[in-house]
Amino acid sequence: MPSYAAPCRACRIGDIIPPPPLAGGLNDEGVSDPSNRTPRCSATPLSVNAIARVGRGFRSQSWSLRHHALQLCSPSLIVFIPTPPSLRWPVPPFTKKLPLTVSTTHPHTPYPLHQPSPILRRSGASSPVTHSISRPDISYPFATTDVLRAGITDEYREVSEAGFVPMKGALHRAPTRNAHEPLAEDPELARTLKDVKLVVWKPNDPEDPHINAIIYLVLTSLVTGLVVAVAFGTAVITGDFKDIQEEFHVSGTVVTLSVSLMLVGFGLGPLAWAPLSELYGRRPLWLIPLTLYVIFGIPCALAPNIGCLLAARFLAGFFASTPLALAGGTISDLWDNNERGFAIALFAAAPFGGPVLGPIVGGFVGETIGWRWIMWINMIFSGIMTFLMIFVPETYAPVLLKRRAKKMRDETGDPSYVTEQEIFPRPFGDLIVETLIRPFEMLATEPILLLVSLYVSMIYALLYGFFFSFPIIFGEGYGFNDGIVGLTFISVLIGVTFGVMVTPQLEKMYLKQVALKGGKADPEDRLPGMMIGAPIIPIALFIFGWASPPIVSPTGGHWIGPCISGLPFGFGLVVLYFSANAYLIETFQTCVASALAAKTVVRSGLGAAMPLIIVPMFHNLGNEWGATLLAFLALAILPIPYLFYFYGKSIRARSKRAAAA
């Protein structure tokens with residue numbers, strides 16, 4: 001069937017392809033009948049919300065009136081188009097035929113009724129069904145593209161047989177209050193860009209990282225494994241603090257710095273790695289810093305004094321932070337934003353699963369062959385994972401398409417083949433501001449970012465608090481050796497596993513809200529996970545403290561009380577972090593890199609501080625009151641997700657950078 005266009009009545013921006021008339025308007029050859037230029041749909045009116053594709057992007061239109069709905073189906077796109085009965089569409093002559101069908105579903109008929117329809121596309125380009133423009137795509141190069149002035153395109157997910165689409169009509173306004181209408185301030189540039197060709201993927205393009213299902217399943221597992229590996233390195237050294245103290249003649253607080261300084265490096269590294277990956281691609285930023293992390297494992301294992309050990313651990317943490325900065329983006333490179341729910345769940349669990357594995361391994365290794373072998377085993381583990389990354393190709397679409405655009409310019413001599421990142425690069429000074437200043441500026445001016453970051457950071461810090469309170473309760477209280485103390489962390493690991501199993505259900509709940517709200521849910525619809533996990537954390541801490549010695553006799557099987565508290569704690573960690581991370585991404589769509597960098601800095605800072613205070617706090621207050629104080633801190637921040645669930649929309653309405661309410 002043919003393809004045609006008409007101005008969008010909903011928002012008057014760009015063109016859409018309207019639904020075809022279901023009664024009249026076409027002759028036998030599929031050409032519009034001049035005697036019926038404004039045919040009217042005769043389908044049964046349905047009360048549904050709809051998504052209309054405007055220009056080359058998607059614009060969400062929530063219709064409050066009763067209207068007809070047509071489901072346009074193609075191998076790469078399913079979209080609902082609102083067609084109010086009062087709307088009459090001028091139908092220009094058709095130009096080409098497409099073998100597609102439209103399904104209209106009657107509310108009392110379980111099966112669709114099929115009839116010919118045009119595909120919703122512009123200039124031969126289409127987006128896959130797994131991609132939703134209404135949801136933020138964290139693989140978009142926000143940090144290095146001037147999206148506030150120039151706008152946003154769907155270049156990195158659109159597909160065209162020609163391998164390019166015209167720039168005209170491609171840009172749409174970034175979803176934030178301080179964004180400008182695309183090119184509104186520079187009409188001369190707008191005229192210059194009229195003939196520009198944006199390079200996009202071709203159908204079944206072998207270079208498109210979304211194409212090969214087997215590859216992206218393997219890469220997702222590898223990326224998640226790398227996050228586990230570097231997080232494992234932060235806590236594995238806790239398995240044998242006593243021998244380090246004895247060898248270097250230092251206090252336990254000084255040895256604790258070996259964990260805290262690595263976490264400080266975790267907080268600083270992403271400020272550099274994330275923007276550099278947008279400029280040079282993911283692959284070099286995976287290989288180079290991780291290789292340096294492996295190398296700095298050598299001075300950790302051979303350290304002649306405590307100063308060398310602490311300095312090497314800080315530098316190791318700085319370079320090991322690469323997976324924390326790039327894993328989420330790499331998963332977004334591989335999975336589209338309507339299908340990456342479980343992959344992101346694995347990524348959300350990895351920063352917690354790794355540290356939990358650390359004491360389990362470190363306890364037995366340190367007890368049998370010494371703390372230096374803990375460092376060697378950590379280096380071997382990270383070295384194997386880094387070696388596997390050598391075989392991973394580049395996955396970042398903007399860099400891949402930039403290379404293709406350059407190749408097309410060289411082969412054809414036509415300079416009009418470009419990518420959006422090349423047309424609207426962000427000045428280097430702005431990039432420095434975006435990387436080093438804006439995260440802290442946003443913490444000071446965006447209450448949503450500040451409070452959610454503090455919440456996530458406190459929960460993350462409590463995890464590292466467990467690493468130092470478990471040895472006190474199980475080692476000093478029950479007399480367990482380091483290896484057995486490490487095994488008690490299995491309860492936390494089981495809780496983390498349960499959390500991973502629940503997060504796909506949270507994603508389904510969110511997608512249901514997307515459908516109910518016409519294709520674009522509110523960021524606050526991401527908060528139910530936080531609301532579920534918020535009360536679980538303090539409950540786990542109360543159990544941990546008041547089921548421990550001296551309240552409970554340290555004999556027999558009474559150790560099960562504090563040990564079992566790890567189950568709800570691990571579960572709460574994952575569902576909280578998954579929902580909070582998604583909420584920040586949905587809320588700060590055009591400055592997601594700065595928002596996540598701010599969260600990472602705060603999280604790592606509190607995580608680094610907590611180990612330094614846990615041991616003296618538990619020794620001075622006692623096990624029961626030390627854990628109770630932590631539970632009270634968790635109770636103090638408990639209202640935050642509920643506050644934003646009910647008032648987040650009004651807070652976003654007053655924000656300059658948050659998604660428009």
Side-chain angles (χ1 to χ4, degrees), residues 232 235-236 238-242 349 352-368 459-502 532-577 610-611 614-615 617-635 638:
F232 171 88
V236 68
T238 62
D240 192 15
F241 270 4
K242 294 178 182 178
F352 304 115
V356 172
L357 285 172
I360 297 174
V361 175
F364 283 107
V365 173
E367 186 181 11
T368 54
I459 302 306
Y460 187 73
L462 290 175
L463 173 65
Y464 279 88
F466 261 43
F467 297 146
F468 291 86
S469 57
F470 267 46
I472 294 174
I473 288 178
F474 293 105
E476 299 176 10
Y478 288 97
F480 292 173
N481 60 38
D482 290 341
I484 303 301
V485 169
L487 288 179
T488 59
F489 286 96
I490 291 177
S491 62
V492 182
L493 191 61
I494 294 173
V496 168
T497 304
F498 284 153
V500 173
M501 295 169 63
V502 168
I532 293 171
I536 293 177
I537 298 296
I539 290 173
L541 291 169
F542 280 124
I543 295 173
F544 181 64
W546 293 93
S548 302
I551 300 299
V552 176
S553 173
T555 58
H558 293 157
W559 56 268
I560 194 66
C563 185
I564 206 170
S565 67
L567 286 170
F569 186 79
F571 174 83
L573 281 176
V574 175
V575 295
L576 272 167
Y577 187 80
M610 184 63 75
I614 285 294
V615 174
M617 183 176 73
F618 270 68
H619 282 160
N620 292 327
L621 296 180
N623 295 337
E624 67 277 19
W625 288 109
T628 298
L629 179 58
L630 296 179
F632 283 151
L633 289 175
L635 283 174
L638 187 149

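Here the shortest heavy-atom pairing between P535 and L638 reads CA-CD1, 3.6 Å. Among all heavy-atom pairs drawn from I473 and P549, the shortest one is CG2-CD, 4.2 Å. The minimum heavy-atom distance between L573 and I537, with the atom names listed, is N-CD1, 3.9 Å. Between G561 and I543, the shortest heavy-atom distance links the atoms O-CG2, 3.8 Å. S548 and N623 make their closest contact through CB-CB, 4.4 Å (heavy atoms, listed as atom of the first residue, atom of the second, distance). A pairwise comparison of heavy atoms in F618 and A627 identifies CZ-N, 3.6 Å as the closest pair.
At distances below 3.5 Å, at least one donor-acceptor pair connects side-chain atoms of T497 with backbone N or O atoms of L493.
Contact of the V356 side chain with the L463 side chain is registered, since non-hydrogen atoms from C-beta on lie closer than 4.5 Å. A heavy-atom distance below 4.5 Å is not found between the side chains of P611 and F467. F364 has its side chain within reach of L487: a pair of non-hydrogen atoms, C-beta onward, lies under 4.5 Å apart. Residues I484 and F474 form no side-chain contact, since every pair of their non-hydrogen atoms from C-beta on lies 4.5 Å or further apart. Using a 4.5 Å cut-off on side-chain heavy atoms (C-beta onward), I539 and P568 make no contact. Side-chain atoms of F569 and L462, non-hydrogen and from C-beta on, do get closer than 4.5 Å to each other. Within the 4.5 Å cutoff, the side chain of V361 has heavy atoms near those of the F232 side chain. No side-chain heavy atom of L541 sits under 4.5 Å from any side-chain heavy atom of S565.
By the side chain to side chain donor-acceptor pair (under 3.5 Å) test, E624 pairs with no residue at all, sequence neighbours left out. Under the rule for a side chain to side chain donor-acceptor pair (under 3.5 Å), S491 has no partner lying at least two apart in sequence or in another chain.
Remark: T368 OG1 to D240 CG distance equals 9.0 Å, nearest 0.5 Å. Taking CG from L630 and CH2 from W625, the interatomic distance works out to 13.0 Å, rounded to the nearest 0.5 Å.
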Under the ring-ring contact (aromatic ring centres under 6.0 Å, His included) criterion, do Y464 and Y460 qualify, and how do the steps go? CA-CA 7 Å; Y464 279 88; Y460 187 73; 5.2 Å; yes
Could you walk me through whether T628 and F632 pass the side-chain contact (heavy atoms from CB on, under 4.5 Å) check? CA-CA 6 Å; T628 298; F632 283 151; 3.4 Å; yes
- Task: Run the numbers on I459 and F352 for side-chain contact (heavy atoms from CB on, under 4.5 Å), then give the verdict.
- Result: CA-CA 10 Å; I459 302 306; F352 304 115; 5.6 Å; no
Margin query: Between F571 and V502, is the side-chain contact (heavy atoms from CB on, under 4.5 Å) condition met? List the steps.
Written below: CA-CA 9 Å; F571 174 83; V502 168; 3.4 Å; yes
Worksheet item: Stepwise, does the ring-ring contact (aromatic ring centres under 6.0 Å, His included) test hold for F544 with F466?
Response: CA-CA 10 Å; F544 181 64; F466 261 43; 4.9 Å; yes
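For I564, the CD1 atom sits in a loose shell: 12 or fewer heavy atoms of surrounding residues, nucleotides or ligands are nearer than 6.0 Å.
In this structure, F489 and F470 have parallel ring planes: the angle between them is below the 30° cut-off, well short of the 60° mark.
Here side chain to side chain donor-acceptor pair (under 3.5 Å) pairs that include residues 470-490, with residues two or more places apart or in two chains, are E367-N481, E476-H619.
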